[in-house]
Amino acid sequence: AIMPWAIHFSRGAWEANLALFLTTLAVLLFIKKRYRLSMLFFGLTFWSYQGAKMFTPLLILSLLLIYRPSLKLLFKPLILLILLILPILLGFRTQSGRLKVFSVFSYSRSASVVEEIKHQDKDNTFLFTLFHSEIIDQGRGVLQRYLNHLSPYYLFFAGDWQSLRHSIPYYGYLHIPEIVTILIGLVVLLRTNNQLTRLLMAWLLLAPLPSALSRDLVSGVRSLPMVVPLTIISGIGLSVLVRKKFLLLLYSPALLLSFFYFLDLYFVHSPKFTAADFVYPYRPALQLIRPLLSQYQKVVFTTQLGQPYIFTLFYLRVDPRLYQAQARLSENSQGDAGEVNKFDKFDYRPIFWTSDKGLTSTLFVGGQYELPEKDLQTTPNLERIADITYPNGAHALRIVGLK
């Protein structure tokens with residue numbers, strides 16, 4: 001209830017949170033020998049989040065090895081699982097663009113770097129293969145990423161330091177006092193040898209793998225399954241402290257203070273630090289243009305902040321039937337998620353003012369360099385509507401109209 005990691009990802013529309021719920025429910029049902037329902041929910045994880053396509057099979061394999069259920073009882077549930085994920089398996093080659101974009105194996109050293117290493121080795125093929133081959137370089141990268149997710153810096157002090165959308169500034173994914181309960185819990189876990197403890201350790205060690213095999217050094221969203229074993233391990237440690245009232249009296253105020261510090265960062269400071277990462281300007285911009293839409297035949301909306309059509313649909317409360325009848329998803333040249341370039345009177349693209357200033361009955365939403373102040377001053381029939389700034393005062397978007 002008070003873990004920063006769980007709070008952060010449960011307050012937004014991250015599909016990884018849905019996948020974690022389905023996974024946890026599936027594991028619980030498996031332990032209770034409700035295999036058919038378990039495989040149903042395991043199958044749904046594949047449809048909910050990309051990271052589950054790696055984590056779920058490994059977790060199922062761990063459950064089979066740890067609990068060793070009767071194969072006769074598992075036959076029909078496994079058939080159900082295969083049927084659920086069959087469309088994904090059949091379309092994997094054509095639908096794995098996002099996986100390719102984020103896979104660590106899609107990125108390799110430049111040819112110049114490789115040539116320089118070969119030159120330093122005096123073109124000794126044996127030495128290069130033994131110490132500097134691509135598989136060794138990428139293996140080191142995967143190991144680094146994996147260990148990053150188990151490091152105290154990631155867990156207790158910084159969280160996902162690469163993305164402010166995935167954690168709050170100056171705080172980790174667990175409270176600092178939980179270092180004590182996590183360590184105590186791990187000791188208890190390692191001393192207790194049963195199926196549940198083996199499952200918890202397997203879950204904890206497997207959870208960072210989807211993130212370790214991605215291009216990012218750390219990822220709070222791809223390693224989100226770590227929340228479950230860490231919560232239970234910390235709880236085990238806390239149960240030990242409860243039996244030592246003096247230690248509990250020392251621990252409780254420290255945890256409470258940490259939690260209030262987290263709330264201060266979360267509600268007061270984080271919205272200001274992360275405004276750009278959460279594309280703050282879209283909401284005020286769309287609220288401002290909403291009453292003006294009937295006055296213009298066309299709206300040119302910049303794409304410099306990314307995916308503006310999604311926010312248009314949300315903040316303008318567009319009827320899904322209207323959108324679905326018109327929208328055309330364009331492929332992304334990099335293989336990542338596609339985008340919509342046109343919808344109704346909206347045209348989503350960069351603004352080129354030298355040519356666009358000749359348009360009429362058009363509303364523009366763009367950046368200060370796309371709509372330069374000096375050029376706007378000399379443009380006839382221009383209506384200045386608003387400049388939108390970030391909470392720190394930095395310029396975000398500019399709205400003007402041409403009658």
Side-chain angles (χ1 to χ4, degrees), residues 4 7-9 11-14 157-173 216 218 220-221 259-293 295-296 299-317 339 346-354 356-357 359 362-403:
I7 290 172
H8 187 84
F9 284 103
R11 303 309 301 163
W14 276 281
F157 296 98
D160 188 339
W161 63 79
Q162 285 196 303
S163 174
L164 287 178
R165 295 185 70 175
H166 292 163
S167 60
I168 66 168
Y170 310 116
Y171 212 88
Y173 281 138
D216 301 315
V218 289
V221 65
F259 184 56
F260 281 123
Y261 176 43
F262 163 75
L263 292 177
D264 174 64
L265 288 173
Y266 188 82
F267 287 107
V268 179
H269 303 287
S270 185
K272 297 176 175 61
F273 278 113
T274 64
D277 301 87
F278 280 97
V279 284
Y280 162 86
Y282 279 146
R283 181 179 182 179
L286 287 160
Q287 287 175 335
L288 280 169
I289 70 172
R290 184 173 188 170
L292 304 174
L293 292 176
Q295 302 174 27
Y296 295 89
V299 180
V300 179
F301 207 118
T302 182
T303 54
Q304 69 177 19
L305 301 182
Q307 304 288 15
Y309 80 94
I310 298 174
F311 297 86
T312 303
L313 298 174
F314 182 78
Y315 288 121
L316 298 187
R317 301 180 182 181
E339 58 188 9
F346 285 87
D347 192 355
Y348 303 107
R349 62 171 175 81
I351 296 172
F352 303 101
W353 190 244
T354 52
D356 287 333
K357 66 182 179 181
L359 297 175
T362 303
L363 191 64
F364 293 90
V365 183
Q368 60 179 327
Y369 300 112
E370 292 179 312
L371 299 168
E373 178 64 34
K374 185 178 179 181
D375 291 348
L376 295 180
Q377 292 175 358
T378 59
T379 303
N381 302 319
L382 181 83
E383 182 183 7
R384 302 293 296 264
I385 296 169
D387 276 18
I388 296 168
T389 59
Y390 288 106
N392 64 0
H395 192 276
L397 289 174
R398 177 168 289 158
I399 306 174
V400 300
L402 285 175
K403 293 295 188 178

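- Checked against side chain to side chain contact (heavy atoms under 4.5 Å, CB included), A394 has the following partners two or more places apart in sequence or in another chain: Y390, N392.
- A distance-only check finds a donor-acceptor pair linking the side chain of T378 to the backbone of D375 [under 3.5 Å].
- Between I289 and F346, the closest side-chain pair of non-hydrogen atoms falls below 4.5 Å.
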Verdict with reasoning, T303 to Y309, per side-chain contact (heavy atoms from CB on, under 4.5 Å) | CA-CA 9 Å; T303 54; Y309 80 94; over 6 Å; no
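- Every residue two or more places apart in sequence or in another chain was checked for a ring-ring contact (aromatic ring centres under 6.0 Å, His included) with Y315, and none qualifies.
- Nearest heavy atoms, L397 versus G367: CD2-N, 4.3 Å.
- Interatomic distance, D387 CG to L288 CG, rounded to the nearest 0.5 Å: 10.5 Å.
- Residue pairs meeting the side chain to side chain donor-acceptor pair (under 3.5 Å) criterion with at least one member in residues 364-373, sequence neighbours excluded: T302-E370, E373-Q377, E373-R384.
- Judged as a salt bridge (charged side-chain N to carboxylate O under 4.0 Å, His left out), and not counting sequence neighbours, the contacts of K403 are E383.
- Scored by the side-chain hydrogen bond (donor to acceptor under 3.5 Å, both in side chains) test, Y282 finds no partners at all (sequence neighbours excluded).
- F314 is linked by a ring-ring contact (aromatic ring centres under 6.0 Å, His included) to nothing, counting only residues two or more places apart in sequence or in another chain.
- By the 4.5 Å heavy-atom criterion applied to side chains, P169 and L164 are counted as neighbours.
- In this view, F157 satisfies the ring-ring contact (aromatic ring centres under 6.0 Å, His included) rule with no residue, not counting sequence neighbours.
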Which atom pairs, donor and acceptor, lie under 3.5 Å between side-chain atoms of residues 260-270 and protein residues at least two apart or in another chain?
residue : atom : partner : partner atom : Å
D264    : OD2  : H269    : NE2          : 3.2

Could you check F273 against Y170 for side-chain contact (heavy atoms from CB on, under 4.5 Å), going step by step and ending with a plain yes or no?
-> CA-CA 11 Å; F273 278 113; Y170 310 116; 3.7 Å; yes
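- The side-chain hydrogen bond (donor to acceptor under 3.5 Å, both in side chains) test applied to Y348 returns T312, not counting sequence neighbours.
- For the pair I388 and I399, the minimum side-chain heavy-atom distance is below 4.5 Å.
- With sequence neighbours excluded, the residues that form a side-chain hydrogen bond (donor to acceptor under 3.5 Å, both in side chains) with H166 are D160.
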Does the pair F301 and L363 meet the rule for a side-chain contact (heavy atoms from CB on, under 4.5 Å), with working shown?
-> CA-CA 8 Å; F301 207 118; L363 191 64; over 6 Å; no
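- Nearest heavy atom pair, residue L376 against residue L371, reads CD1-O, 3.6 Å.
- Taking the side chain as every heavy atom from C-beta outward, V218 and W161 approach each other to under 4.5 Å.
- The side-chain hydrogen bond (donor to acceptor under 3.5 Å, both in side chains) search around R290 returns none, not counting sequence neighbours.
- With sequence neighbours excluded, the residues satisfying salt bridge (charged side-chain N to carboxylate O under 4.0 Å, His left out) with D347 are K298, K342, R349.
- Put simply, the side chain of L293 reaches to within 4.5 Å of the side chain of V299, judged on heavy atoms.
- Ring planes of F9 and W14: perpendicular class, angle over 60° (limits at 30 and 60°).
- Residues G401 and I385 come closest through the heavy atom pair N-CD1, 4.1 Å.
- Of all heavy-atom pairs between L382 and T379, the closest is CB-O, 3.5 Å.
- Ion pairing of D277 with R165 is absent here, as no side-chain N (NZ or NE/NH1/NH2) approaches a carboxylate O to less than 4.0 Å.
- The nearest pair of heavy atoms linking L402 to Y296 is O-CE2, 3.8 Å.
- For F311 against G306, the heavy-atom pair with the smallest separation is CE1-O, 4.3 Å.
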